[in-house]
Q: 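Dumping the structure here so I can ask a few things about it.
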Amino acid sequence: MSRNRNSILDMMRFYFAIIILFYHSPQPIICFSQQLFIKGYIGVEFFFMCSGLFLIRSLKKYTEKIVTDKLYFLRIVYYKFKKITLYSILVFFLCYIFYIITSKWNLFIAVQQLFLHLPEMLLLSVTGIVGDYTMLWCKPFWYLSVLLILTFFFIYMYSYKKTSLLYMSLVFPLLIYGYLFNKYGTINVWGENVLEIPYGAGILRGCAGMFFGVIINLIIEKINISKFLKNRSHINLIMISEIFILICFTVISVPFNDIFIVFIIASFITLTFYYCNSNTNFYSKASNLLGEISLPIYMIQPFTIPMSLFLVNGKNVVTFYIGFSLVLSFLMYYLYLNLIKKLSNNDM
């Protein structure tokens, strides 16, 4: 794990992963006649912004090599997606084995389904290649597919057309979020919500979030927030207020639109770079672990959702789904650590 990780962002990664997990629950979560986590989808914007931010910040040391070596960017993409690809392969085969058992496929159907769904395992579901053959729930995979496509785009633009990328980042998020909200009344749109262009809204949503990450990086590099805020206690107060707002907005129904929440998330991510890491080793290690677990929590849902519905009936399905997802996420994370050691010789 990196020594320079942002502990607050790691904890918020875990929080938003949990919120998305609750949002995708097989049954609605209701408390005092109030359906909870109905805006859990907004957590995806947090991950898109962080992805755009950290991708841009990491590209600084690679730019010269990319310009001189045209294929060097492929190594960067591999390096960035090695973790996601390993998790996607593990989840894919868990789902594949589950459907073989529960659907009682014969050998021919099993082989046929494997080839039909290989594009999904390779994070190509957003292209429409998977089409009507979609076996899995696909909710995490559309996000990862968008991320893969935009990573290629960002690496190219940052290396060769950096100024254009900056201008696009200043304009496109407002245009995209405005279009999605005016057309659908929400930014919670992906493939099945868009009839005219398969997965078109998902691509737009991913673009907006990652472009926002570029804006956040620009603010961090060019603007000294301490000039506007007298001391750290003011930043701390604002961050606590924003955390409270985000928790309220993602857990219960509130009369504010998604675009307002997006700006709150972007502001929160920006402020954490001015007032972030803990001084205690336990806090740092614990937050790092929570941050690492957020990805397998998000990835494991295509397996734990149908598995929970298959094994448990009634009200207990939600409890089983959440507990099973968390336990399996930790197991997947430690399995990933063992697998990544075998690939360490290929690191950049």
Q: Hey, what do you get for CG (L174) to CZ (F212), rounding to the nearest 0.5 Å?
A: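 Output value for this atom pair is 6.5 Å.
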
Q: Are F324 and L311 packed together at the side-chain level, in the sense that at least one heavy-atom pair is separated by less than 4.5 angstrom?
A: no

Q: Rounded to the nearest 0.5 Å, how far apart are CD1 of I240 and CG of L271?
A: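 Spacing of CD1 (I240) from CG (L271) equals 12.0 Å.
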
Q: To the nearest 0.5 angstrom, please state how far the CD1 atom of I89 sits from the CG atom of L94.
A: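 The CG atom of L94 is 12.0 Å from CD1 of I89, to the nearest 0.5 Å.
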
Q: Stepwise, does the ring pair (Phe, Tyr, Trp, His ring centres under 6.0 Å) test hold for F260 with Y177?
A: CA-CA 10 Å; F260 178 78; Y177 284 135; over 10 Å; no

Q: For a 4.5 angstrom cut-off between non-hydrogen side-chain atoms, does L9 reach F54?
A: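 A side-chain contact exists here, since the closest heavy-atom pair is under 4.5 Å.
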
Q: Could you give the distance from CD1 (I293) to OH (Y334), rounded to the nearest 0.5 Å?
A: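 Rounded to the nearest 0.5 Å, the CD1-OH separation comes out at 6.5 Å.
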
Q: Is there a donor-acceptor pair closer than 3.5 Å between any side-chain N or O of Y321 and the backbone N or O of L21?
A: yes

Q: Scan residues 10-23 for pairs that pass salt bridge (charged side-chain N to carboxylate O under 4.0 Å, His left out), counting only residues two or more places apart or in two chains.
A: R5-D10, D10-R13

Q: Just do the side-chain contact (heavy atoms from CB on, under 4.5 Å) check on M12 and T272 with the steps written out, would you?
A: CA-CA 11 Å; M12 292 305 292; T272 60; over 6 Å; no

Q: Examine distances only and state if a side-chain atom of S294 and a backbone atom of G291 form a donor-acceptor pair shorter than 3.5 Å.
A: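 Yes.
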
Q: Could you check Y158 against F154 for ring pair (Phe, Tyr, Trp, His ring centres under 6.0 Å), going step by step and ending with a plain yes or no?
A: CA-CA 6 Å; Y158 187 83; F154 270 50; 9.2 Å; no

Q: Atom CE of M49 and atom CD1 of I216: how far apart are they, to the nearest 0.5 Å?
A: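 One finds 6.0 Å between CE of M49 and CD1 of I216.
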
Q: Would you give the length of the straight line joining atom CG of L328 to atom CE of M307, rounded to the nearest 0.5 angstrom?
A: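 Reported value, rounded in 0.5 Å steps: 9.0 Å.
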
Q: Y15 and I247: side-chain contact (heavy atoms from CB on, under 4.5 Å), yes or no, with the steps?
A: CA-CA 9 Å; Y15 169 75; I247 291 175; 3.6 Å; yes

Q: Just do the side-chain contact (heavy atoms from CB on, under 4.5 Å) check on I269 and F46 with the steps written out, would you?
A: CA-CA 8 Å; I269 295 173; F46 173 84; 3.9 Å; yes

Q: Find out whether L86 and L335 are in side-chain contact, i.e. whether some heavy atom of one side chain is under 4.5 Å from a heavy atom of the other.
A: no

Q: Backbone N or O of Y156 within a donor-acceptor pair of the S159 side chain at under 3.5 Å?
A: no

Q: Quick one: are I322 and S25 in side-chain contact, heavy atoms under 4.5 Å?
A: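 They are not in contact (no side-chain heavy atoms under 4.5 Å apart), so the answer is no.
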
Q: Give the cluster check for L331 versus L337: same hydrophobic cluster or not, with ILVMFWY residues linked at side-chain heavy-atom distances below 4.5 Å.
A: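 Same cluster.
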
Q: Does any non-hydrogen side-chain atom of L53 lie less than 4.5 Å from one of I220?
A: yes

Q: In the single-linkage hydrophobic clustering (I, L, V, M, F, W, Y; side-chain heavy atoms under 4.5 Å), do F330 and F16 co-cluster?
A: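 Same cluster: F330 reaches F16 through Ile, Leu, Val, Met, Phe, Trp or Tyr contacts under 4.5 Å.
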
Q: Do S325 and Q301 pass the side-chain contact (heavy atoms from CB on, under 4.5 Å) test, and can you show the C-alpha distance, the side-chain angles, and the key distance before you say yes or no?
A: CA-CA 7 Å; S325 298; Q301 297 169 65; 5.6 Å; no

Q: Look at the side chain of S51 and the backbone N and O of F47, then say whether any donor-acceptor pair between them is shorter than 3.5 Å.
A: yes

Q: For F310 and F98, run ring pair (Phe, Tyr, Trp, His ring centres under 6.0 Å): C-alpha distance rounded to whole Å, both residues' side-chain angles, the deciding distance at 0.1 Å, then the answer.
A: CA-CA 10 Å; F310 178 75; F98 170 77; 5.7 Å; yes

Q: For a side-chain contact (heavy atoms from CB on, under 4.5 Å) with I56, tell me which candidate from I155, V214, L218, I215 qualifies.
A: V214

Q: F303 versus M332: any side-chain heavy-atom pair under 4.5 Å?
A: no

